[in-house]
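Residue numbering restarts at 1 for every chain, and letters A, B, ... go by the order of the sequence lines.
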Amino acid sequence: MPLTVYNTLTRRREPFVPRDPEHVRIYVCGPTVYDDAHIGNARPVVVFDLLVRFLRTLYPRVTYVRNITDVDDKINDRAAEEKITIRELTERTLARFQEDMAALNARPPDVEPRATEHISQMIGMTEELLGHGHAYVAEGHVLFHVPSLAQYGRLAGRDREEQLAGARVEVESYKRDPADFVLWKPSDANLPGWESPWGRGRPGWHIECSAMSREYLGSEFDIHGGGIDLAFPHHENEIAQSCSAEPGTEFARYWMHNGYLLSEGEKMAKSLGNFYTVRDLLCRHPGEALRLLLLSTHYRQPIDFTEDGLRRARRQLDRWRRTVAGAPPAGTPPPAVLEALGDDLNSPRAIAALHGLGGAELHAGLRMLGLLEVPHDEWFQGASETGPSDRAIDEQIAARAAARARRDFTAADSIRTQLAEAGVILEDTPAGTIWRRK
RNA sequence: GGCCGGGUGGCAGAGUGGUUAUGCAGAGGACUGCAAAUCCUUGUAGGUCGGUUCAAUUCCGACCCCGGCCUCCA
């Protein structure tokens with residue numbers, strides 16, 4: 001099954017050819033752990049989880065690295081606000097992130113490196129850049145000198161003049177060029193810092209991904225992923241750093257970017273009341289519904305998240321579960337599903353291909369997409385904090401069965417209505433009455 | 001201002017130069033004590049204006065809208 005991917009670097013779809021067919025290597029930018037993941041953070045996690053699952057069906061070995069940014073000024077600010085240590089904040093946030101993503105059936109990456117545990121690698125790369133004349137020291141900072149690299153701007157598709165035309169930021173006086181960016185910056189006593197050849201300081205954001213991807217995947221690997229908003233400047237800067245630190249190397253061959261996410265038709269913002277954390281949504285909707293909704297739109301398309309869409313996704317999963325019944329997932333997913341995924345990860349087409357299937361084939365297709373991993377009993381009858389207990393429901397069903405037996409349908413319907421109001425739906429089948437939580 | 005996406009039937013969302021996307025919702029029917037679930041049938045499209053073509057939702061151009069990036073946001 002061939003895989004074609006859209007490569008942001010070339011702006012076209014290309015056949016995916018791994019550097020080493022025995023070992024595919026992929027890096028995706030992970031979260032800055034200062035606050036709970038919102039729905040927009042979840043999209044790349046789910047998209048690249050699916051990509052990695054698919055790659056694993058194609059290649060014998062896949063190494064998936066997703067970093068954790070645990071040194072960042074937003075983290076410093078938040079920790080100060082909450083009057084807790086940076087470590088407490090990052091540990092707590094990371095644990096919650098991992099729980100949330102697990103609820104979306106996103107498997108953990110093979111390596112989840114933390115920035116704070118790779119400072120020496122970042123210092124090392126910064127020294128290499130200085131040694132090659134791509135960086136300079138100014139007022140305690142180490143800066144990457146953008147004009148030193150002719151190809152800068154290739155990923156974002158913009159040249160130097162365009163960037164200058166758009167410059168809206170005040171340029172720090174120590175920068176030789178407005179586009180230069182920080183590799184290392186000084187920390188005062190109140191900020192996290194590490195000893196370095198340039199004094200006590202902390203790394204810039206971009207150097208983190210260059211250093212950690214090299215540590216675990218080597219100087220050249222296959223796929224680098226993230227949200228489209230990271231393409232510039234973050235990914236552009238990563239390329240600049242990595243290719244300059246080791247001249248002649250290619251860094252990532254394929255760049256894949258997921259599209260932006262809107263919420264209820266607008267950019268998600270706390271002030272608009274359309275800001276959803278994954279954690280919030282998981283209180284009201286199953287994680288698999290969120291996963292399905294995110295995969296219902298092609299990853300490069302903009303997606304308009306709505307809670308209504310989430311409800312529809314959940315009902316779709318209800319139906320599939322009934323159709324699958326007790327069928328085990330067959331060994332191989334349906335060819336149409338694999339074909340769609342091979343076509344630049346066309347998950348909406350893969351989902352469409354599932355309709356009309358049944359039994360083991362459908363089950364296998366859904367499992368390929370990372371759906372239906374939650375056991376059926378838990379899905380339909382899982383514990384509820386507000387509804388009646390399983391035992392109370394069984395008692396009511398027995399009472400209703402007795403009423404129906406004496407053809408007292410008024411009493412029977414009354415019981416059914418009461419349960420419905422409590423969020424429990426009854427279905428009479430030839431094998432007896434079954435129930436599920438709404 | 002520069003750059004990059006997108007505009008498809010009531011909604012969600014794909015492919016495609018000519019032939020059904022798919023799903024949801026709606027309508028009709030079957031089943032049911034009534035429901036629920038399931039099954040069957042079914043209507044409705046491709047921003048605007050031009051161009052190319054025997055034929056365009058699909059290619060080209062212009063324009064209009066929406067969104068993003070250009071500021072350490074996925």
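Here the separation of B:G23 from B:U8, taken at their C1' atoms, is 15 Å to the nearest Å. Rounded to the nearest Å, the gap between the C1' atom of B:C64 and that of B:G47 is 8 Å. Here the separation of B:C63 from B:U20, taken at their C1' atoms, is 34 Å to the nearest Å. Taking atom P in both B:U48 and B:U38, one finds a spacing of 37 Å when rounded to whole Å. Annotation: B:U22 and B:G29 have their C1' atoms spaced 23 Å apart (nearest Å). Taking atom C1' on both nucleotides, B:G26 is separated from B:G43 by 9 Å, rounded to a whole Å.
Annotated as anti: B:G26, whose O4'-C1'-N torsion sits more than 90° from 0.
Nucleotide B:C70 holds its C1' atom 14 Å from the CG atom of A:L230, rounded to whole Å. Between the CD1 atom of A:I425 and the C1' atom of B:A37 there is a distance of 10 Å, rounded to whole Å. Between the CG atom of A:L294 and the P atom of B:G13 there is a distance of 12 Å, rounded to whole Å. Across the protein-nucleic acid pair, A:D413 atom CG and B:G33 atom P stand 12 Å apart, rounded to whole Å. Going from atom CH2 of A:W205 over to atom P of B:U71 covers 13 Å, rounded to whole Å. Across the protein-nucleic acid pair, A:E307 atom CD and B:A12 atom C1' stand 16 Å apart, rounded to whole Å. Residue A:L354 contributes atom CG, which lies 14 Å from atom C1' of B:A21 at whole-angstrom precision. Rounded to an integer number of Å, the gap from NZ of A:K74 to P of B:U71 is 15 Å.
Of the side-chain N and O atoms in A:R319, one or more sit less than 4.0 angstrom from OP1 or OP2 of B:C24. Not one side-chain nitrogen or oxygen of A:S296 sits closer than 4.0 Å to the OP1 or OP2 atom of B:G13.
Set against B:A74, B:G6, B:A35, the side chain of A:R416 has B:A35 as its closest nucleotide. Distances were taken from every side-chain heavy atom of A:R349 (C-beta onward) to each of B:A74, B:A14, B:A12; the shortest belongs to B:A14. Set against B:U22, B:C70, B:A14, the side chain of A:N346 has B:A14 as its closest nucleotide.
With hydrogens and angles left out, the side chain of A:D308 and the base of B:C24 share no donor-acceptor pair within 3.5 Å. Scanning atom types as modelled, one donor and one acceptor separated by under 3.5 angstrom connect the side chain of A:R404 and the base of B:G33.
Heavy atoms of A:R400 sit under 4.0 angstrom from at least one base atom. Within the 4.0 angstrom heavy-atom criterion, only backbone atoms of the sugar-phosphate kind lie near A:H298; the bases stay farther away.
Of the candidates A:H206, A:H145, A:H234, A:H141, A:H206 is the only one forming a ring-ring contact (aromatic ring centres under 6.0 Å, His included) with A:F181.
Here the two rings, on A:Y6 and A:H298, have centers that are 6.0 Å apart or farther. Between A:F221 and A:F251, the ring centre distance stays below 6.0 Å.
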Exercise for the section: Go through A:R400 and A:D428 one step at a time and tell me if the salt bridge (Lys or Arg N to Asp or Glu O under 4.0 Å) criterion holds. Expected result: CA-CA 11 Å; A:R400 175 168 171 271; A:D428 298 324; 2.8 Å; yes

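Judged by ring centres under 5.5 Å apart and planes tilted less than 30 degrees, A:F409 stacks against the six-membered base ring of B:G33.
Using modelled atom types, one finds no donor on one side chain facing an acceptor on the other under 3.5 Å when comparing A:D390 with A:W435. Side chains of A:T116 and A:D70: a donor on one and an acceptor on the other come within 3.5 Å.
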